[in-house]
Protein chains: 2
Amino acid sequence: MNTREKKPSVDQLPKPSGRIKLANALRDLLAQKDFSSITTAEISRTSGVNESLIYRYFGDKRGLLHAVLDEYLENFVEQINWGMKGIEGTKNKLRKFIWSTIYFYDQDRVFSKILLLEVRNYPGYFTSETYEIVKQYTNLMLEIIENGMKTGDIRKDLEARSIRQIVLGGIEHLILPAIINDGPLDPDRLTEKFCLLLFDGIQAKTKKA
Amino acid sequence: MNTREKKPSVDQLPKPSGRIKLANALRDLLAQKDFSSITTAEISRTSGVNESLIYRYFGDKRGLLHAVLDEYLENFVEQINWGMKGIEGTKNKLRKFIWSTIYFYDQDRVFSKILLLEVRNYPGYFTSETYEIVKQYTNLMLEIIENGMKTGDIRKDLEARSIRQIVLGGIEHLILPAIINDGPLDPDRLTEKFCLLLFDGIQAKTKKA
DNA sequence: ATCCTTATATAAGTAAAACTTACTTACAAA
DNA sequence: TTTGTAAGTAAGTTTTACTTATATAAGGAT
């Protein structure tokens with residue numbers, strides 16, 4: 001099944017122009033329609049590159065998608081890593097992380113849709129290079145939580161991994177309606193609501209026992 | 001595009017045996033492999049029903065999937081509605097809701113996988129009958145939250161819809177690893193952790209200001 | 001009884017799209 | 001000059017969702 005070519009470790013290797021043209025063509029097409037209704041013939045036509053080169057370079061149609069995605073994700077991880085630098089305090093770090101995530105989802109709707117709707121259903125995604133990059137992102141969140149537990153900022157009767165999963169899923173689902181309806185997204189407001197819930201819970205604090 | 005037949009309102013109408021055989025065949029096949037790698041020829045072979053009846057009865061291959069899914073979801077919604085009866089208190093209702101959801105995800109892994117990974121990427125899902133049924137489920141959660149705000153159990157500086165999204169996404173993501181790895185799932189433990197976070201937040205309460 | 005309609009069923013297609021293969025050209029290193 | 005490799009092309013093949021034309025059987029009305 002996995003007929004993908006051995007990956008050219010993304011950068012620095014001889015990048016033939018056909019490769020880039022194909023990736024750009026798919027990117028353009030994804031802005032207009034969803035992946036499954038884009039044909040390889042269409043990608044070939046749009047790029048001006050022969051159809052069979054998709055298979056030479058990327059193994060299959062999905063491989064091309066992943067290549068495009070990987071490039072974007074690597075940039076995203078890099079930026080979020082950079083953005084976290086110099087921030088002190090567990091809550092501040094978490095808030096920044098959440099804000100950045102929502103911000104990026106808002107910025108590039110094309111990639112948001114792919115990441116949220118199009119990628120996970122592919123059998124083999126969870127063993128893909130793409131998922132490895134995503135892991136860098138999710139591990140960063142895990143580190144923040146684990147560190148917060150060590151410093152005593154986060155209660156210890158919770159599990160770091162559970163918190164991470166809930167937070168990541170919560171963010172995704174929170175922004176999903178806007179992504180689907182191509183509606184507006186307000187990172188500041190959403191982050192604030194999210195952090196209120198995450199830090200202190202939903203319970204009204206009327207009486208102090 | 002939407003060549004589905006007018007829906008036979010699911011129950012009570014004349015159910016030809018071919019219909020049932022096709023649905024059962026797809027269910028069986030889904031236990032073995034994912035939807036996209038199941039062919040219509042295979043469904044026909046497994047069911048012993050002619051391939052073209054898929055199209056007569058369900059419009060297209062995806063229509064068959066949705067029919068199978070709808071039946072399961074209707075049962076799920078019914079059961080969760082029934083299970084909520086007689087429970088008093090916002091927190092108790094939320095806990096029961098969360099527990100039930102995780103429990104059902106644990107019980108039927110085939111449907112869990114479809115719901116979590118296979119359905120959302122289909123363009124048109126969000127206008128489908130299936131999604132209407134899902135809405136009954138998500139609306140139930142919204143009602144609990146809105147009611148909790150009215151009674152003063154839930155703080156009012158949050159938005160009911162935001163809470164709902166975060167909770168639903170949080171649950172999904174929390175169980176996702178177990179679903180993907182076919183690992184075990186402990187509804188009691190996960191519900192407890194989830195509710196700790198949801199009700200009181202992650203912040204350690206050391207000093208009282 | 002016969003005719004008409006409708007549901008159920010089948011076999012034999014079609015069309016489109018993903019993917020392959022066989023071959024050519026360009027170009028650089030040995 | 002030769003040789004090897006990567007880039008490019010054109011013309012397939014195969015698979016698979018979906019269609020069509022046709023047949024059989026079951027009532028129901030006349």
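These values consider heavy atoms only, across backbone and side chains, with no hydrogens, waters or symmetry-generated copies. Below, read A as the first sequence line, B as the second, and so on, with proteins coming before strands; counting in each chain starts at 1.
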query: In terms of the nearest nucleotide of DNA chain C, which residue is placed more toward the 5' end: E51(B) or G48(B)?
result: G48(B)

task: Measure from CD on E42(B) to C1' on dT15(D) and round the result to the nearest Å.
output: 13 Å

task: Would you mind reading off the distance between Y57(A) atom OH and dT9(D) atom C1', rounded to a whole angstrom?
output: 12 Å

- prompt: Roughly how many Å is it from NZ in K21(B) to P in dT8(C), rounded to a whole number?
  reply: 12 Å

field: Value in whole Å for how far the C1' atom of dA18(C) lies from CZ of F35(A)
entry: 11 Å

field: Interatomic distance where CG belongs to D60(B) and P belongs to dC18(D) [whole Å]
entry: 5 Å

message: Between T191(A) and Y103(A), do the side chains contain a donor N or O and an acceptor N or O under 3.5 Å apart?
response: no

- line: When rounded to whole Å, the CD1 to P distance for the pair I54(B) and dT8(C) reads 16 Å

task: Check whether any side-chain N or O of K91(B) sits under 3.5 Å from a backbone N or O of Q203(A) as a donor-acceptor pair, and report yes or no.
output: no

task: Check every strand shown and say whether T40(B) touches a base, only sugar-phosphate, or nothing at a heavy-atom separation below 4.0 Å.
output: base

task: Would you state whether a donor and an acceptor, one from the side chain of R56(B) and one from the base of dA7(C), lie under 3.5 Å apart?
output: no

message: Taking G201(A)'s backbone N and O only, do any of them form a donor-acceptor pair with R155(B)'s side chain (distance below 3.5 Å, no angle check)?
response: yes

task: Could you tell me the separation between the CG atom of N50(B) and the P atom of dT19(D), rounded to a whole number of Å?
output: 14 Å

- prompt: If you round to the nearest 0.5 Å, how far is CG of L29(B) from CG of D34(B)?
  reply: 11.5 Å

- prompt: Over how many whole Å does the gap from L53(A) atom CG to dC23(C) atom C1' extend?
  reply: 14 Å

message: Would you compute the distance between atom OH of Y55(B) and atom OG1 of T40(B) and round it to the nearest 0.5 angstrom?
response: 4.0 Å

message: Over all strands shown, is I43(A) touching base, sugar-phosphate only, or nothing at heavy-atom distances under 4.0 angstrom?
response: nothing

message: Side chain of S52(B), heavy atoms from C-beta onward: which of dA11(C), dT16(D), dC18(D) has the nearest atom to it?
response: dA11(C)

query: Looking only at side-chain N and O atoms, does Y55(B) come under 4.0 Å of OP1 or OP2 in dT19(D)?
result: no

